Q: 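Mind having a look at this structure? Questions to follow.
Since this is a predicted model, take the numbers as computed values, not measurements.
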Amino acid sequence: MAREWTKEQQAAIDERDKTLLVSAAAGSGKTATLTERIIRTLTDPAGRGDISRMLVVTFTRSAAAELRNRLSRALRDAMAEGKGVRHLSRQLMLLPGARISTIDSFAAELVRKNAVRLGLSPAFRTADPPEALLLRHSVMNRLIEDCYEGYDDGDIGISGDEFSVLVDCLTGARGDRKLGDLLLSLYQSTQGFVGREQQILSMAKELREDAEKNLPPEKTQWGAYLLAALQSEGEGWQARLRRTAARAAADEGAVAYLPVLDEDREDLAALLAAIPRGYAAAREALGAFRKSRLPALRGEKKTPVAEEVATERTQFFEKFRRPWLEHDLAYTAGEWHDLLPALAGVVGTVGAVLSAFSRRLTAEKRRRNLCEFDDITHGALCLLANKDGTPTPLAAEVGAAFDYIYVDEYQDVNEVQHRIFAAIARAGGRFMVGDVKQSIYSFRGAQPEIFVNLRRSLPPLSAAEGESAATLSLSRNFRSAPPILDFVNLVYGGLMQAVGEGIGYQPEEDALVAGRTETGTPSRVTVAVFEKEKDGAVVKAPEETDEKEPEEDGWG
């Protein structure tokens, strides 16, 4: 029996001429939609596609294997219906060798075939994580020793005094025992960016230029970043305080807190209004918070809701106002200007140390004929894109082999991976699917802001006539019952707004919509609380929920 697709799913399946970014919520049938899109391309009588001319990229080997199995079943089903049996049988035969792989596998194959262009031996091996970690620590420890001793063979470029200032800034009174770990952490955080540690040197240069221009803090790159972060976090707290006040107004005890909560909200609104006026205005508004005492409650008036409201208010001052006032905006505009040259010097020293570390680490890996996964993806980008971002002749050659490029879990790509796909995709030949709310690989360098910025910059498909790229949302959830989705929307609608605009959450588009109706007894939501002893043993198991996972129906 033919499946009924939603309007949005059908649009994602049918669109062939535009680069398409699909924001697919949990349970929205994204894998089924992706599979159907590929099958429709292969069976289209107007111009049957070829599986060997498609690149399908996922983030895990298991996901690649699952997609390959789904395509195998779908091809067999289409053949059973008599849809171009000869053509589809050939596609089924080609499927085992189809380019359905992880990003790392695709990049590794490209680099291995072109290793000589990168100065590598084609027989290089990929270091496993423990080996790579040990090698990094060894190289970093030796570099730190050389910096302390003032030894410089020309690859560091800083003095012993500059390094001592850096040590004092990064470690302070704690000593330098963790200095290597901190520098390695900074190095790792640059690996998903084009230019890697060179970006830090560029940042130092811009800071020095800002200091020389005598710019106000908000006109410098760091000051602008701080104010943008303050704006985003402040808007998140504004939404939280609004919900807290609504809860207080409905409780017989907490209602007494409303006047003080209203003061807090007024102070926060004044801060948000001051941020566009600049650093000094924002700092002054932050320092002007009144922080009045909550009225004391006695007896029955001291309700659980009142205690929760009081806790939320304490967190507002301890987790928001205090850190910003005592750390991020601790200096006056005048003090900021005096300290900016010193900041530029420290950032420059960090960049110099990490650049020297990168060169030494690369040399040692070349000596051992090994690479890390980051080296491979950066190598792939070097092969496909020039320094100015334009595609290389090899990119045109690689891209000519693919009519369509499909990338799953696009919310977890980084800048390097994003540029790789952009370099080889033909106009209108890229299909990207993901959900920024499910980004889980930030610890591995994922940059969900790439997905967010793409989504913001592209027009919706329904209004993209004449455009080469568009975005589309799949919000219907076919996995869970309506009461479960209502609960999820209630919880995560607040959580996503609390983190500000960086996540790109849009309630009208991102809230989950029930894609199936309930029959029989309605599902109920049960919140499970796990209590653990000090040894970690679970002493209280969660209650069971009435909801049962639906049978596999191909919608996920």
Side-chain angles (χ1 to χ4, degrees), residues 1-46 49 51 54 56-58 63 66-75 77-78 81 83 100 403-411 428-438 451 454-455 458-465 467 469-482 484-485 488-489 504 506-518 549-556:
M1 185 177 72
R3 176 176 292 122
E4 292 186 9
W5 302 97
T6 68
K7 178 182 176 182
E8 293 77 16
Q9 289 172 331
Q10 193 69 57
I13 292 168
D14 292 340
E15 177 56 51
R16 297 282 194 281
D17 300 324
K18 301 182 191 301
T19 289
L20 198 59
L21 178 75
V22 179
S23 181
S28 63
K30 68 164 186 172
T31 307
T33 302
L34 175 61
T35 303
E36 184 68 14
R37 179 184 167 97
I38 295 174
I39 293 297
R40 294 277 185 95
T41 303
L42 296 176
T43 59
D44 186 356
I51 193 70
M54 296 180 183
V56 185
V57 178
T58 66
E66 179 192 356
L67 184 57
R68 196 182 296 271
N69 289 335
R70 282 182 179 242
L71 287 173
S72 177
R73 292 196 301 268
L75 283 170
D77 291 343
E81 296 175 8
K83 296 180 179 179
I100 303 174
D403 294 326
Y404 297 101
I405 296 175
Y406 300 91
V407 188
D408 197 8
E409 307 296 351
Y410 211 80
Q411 77 278 354
R430 195 165 22 143
F431 183 88
M432 304 160 287
V433 61
D435 180 13
V436 72
K437 301 185 294 302
Q438 298 184 62
F451 188 94
L454 272 176
R455 185 180 176 187
L458 296 177
L461 182 60
S462 59
E465 185 176 354
E467 301 288 340
T471 185
L472 179 68
S473 293
L474 303 182
S475 58
R476 289 189 176 276
N477 180 293
F478 297 92
R479 184 179 301 156
S480 303
I484 303 297
L485 300 181
V488 170
N489 288 333
Q506 302 174 31
E508 66 279 2
E509 294 185 15
D510 292 322
L512 298 174
V513 178
R516 63 186 179 95
T517 56
E518 275 215 286
E549 187 72 16
E551 296 297 323
E552 173 62 41
D553 59 4
W555 285 95

Q: Under the ring pair (Phe, Tyr, Trp, His ring centres under 6.0 Å) rule, collect the residues that match up with F451, sequence neighbours excluded.
A: none
Q: To the closest 0.5 Å, what do you measure between CG (L472) and NZ (K7)?
A: 10.0 Å
Q: For A74, check side-chain contact (heavy atoms from CB on, under 4.5 Å) against everything at least two apart and list the hits.
A: T35, I39
Q: Restricting to side-chain hydrogen bond (donor to acceptor under 3.5 Å, both in side chains), what partner residues turn up for N477, sequence neighbours left out?
A: none
Q: As an exercise, state the distance from CD1 of I38 to CD1 of I51, rounded to the nearest 0.5 Å.
A: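 Output value for this atom pair is 5.5 Å.
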Q: Going by the rule side-chain hydrogen bond (donor to acceptor under 3.5 Å, both in side chains), which residues pair with D403 if we only count those two or more places apart in sequence or in a different chain?
A: R53
Q: Compare every heavy atom of A12 with every heavy atom of L20, then report the nearest pair and how far apart it is.
A: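 Reported closest heavy-atom pair: CD2-CA, 4.0 Å.
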Q: Name the one of Y404, Y406, Y410 that satisfies side chain to side chain contact (heavy atoms under 4.5 Å, CB included) with R430?
A: Y410
Q: Say you draw a straight line from CZ of R70 to CG of L75; how long is it, rounded to the nearest 0.5 Å?
A: 14.0 Å
Q: Check whether any side-chain N or O of E15 sits under 3.5 Å from a backbone N or O of D17 as a donor-acceptor pair, and report yes or no.
A: yes
Q: How many angstroms lie between CG in D408 and CZ in F431, if you round to the nearest 0.5 Å?
A: 9.0 Å
Q: Considering non-hydrogen atoms only, spot the tightest contact between A464 and P459 and give its length.
A: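 In terms of heavy atoms, the two residues are closest at CB-CG, 3.9 Å.
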Q: Holding to side-chain contact (heavy atoms from CB on, under 4.5 Å), I want the full list of residues that pass it with S462, two or more places apart in sequence or in another chain.
A: P460
Q: Is it true that the side chains of E409 and Q411 contain a donor and an acceptor less than 3.5 Å apart?
A: yes
Q: Can you confirm whether R37 is buried at CZ, in the sense that more than 12 heavy atoms of other residues, nucleotides or ligands lie under 6.0 Å from that atom?
A: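 Correct, the count exceeds 12.
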Q: For a quick test of reading the model, state the closest non-hydrogen atom pair linking Q438 to A26 and the distance between them.
A: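 For Q438 and A26, the tightest heavy-atom pair comes out as NE2-N, 3.4 Å.
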Q: For V22, which of V433, L461, D435, L34 qualifies under side chain to side chain contact (heavy atoms under 4.5 Å, CB included)?
A: V433
Q: To the nearest 0.5 angstrom, please state how far the NZ atom of K18 sits from the OG1 atom of T471.
A: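 Atom-to-atom, K18:NZ and T471:OG1 are 13.0 Å apart.
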Q: Please enumerate all residues that pass side-chain hydrogen bond (donor to acceptor under 3.5 Å, both in side chains) together with E467, with sequence neighbours excluded.
A: none
Q: How would you list, by chain and number, every residue that makes a side-chain hydrogen bond (donor to acceptor under 3.5 Å, both in side chains) with R16, sequence neighbours excluded?
A: T41
Q: Is E66 close to T58 at the side-chain level, that is, under 4.5 Å between some pair of heavy atoms?
A: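 T58 does not reach E66 side chain to side chain.
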Q: Looking only at non-hydrogen atoms, find the nearest pair between K30 and A24 and report the distance.
A: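 Taking every non-hydrogen atom into account, CB-CB, 3.6 Å.
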Q: Taking all non-hydrogen atoms of both residues, which atom of R455 and which atom of S473 are closest, and how far apart?
A: NH2-OG, 3.6 Å
Q: Using the side-chain contact (heavy atoms from CB on, under 4.5 Å) criterion, which residues pair with E36? Sequence neighbours excluded.
A: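 With neighbours one apart ignored, the set is W5, I13, R40.
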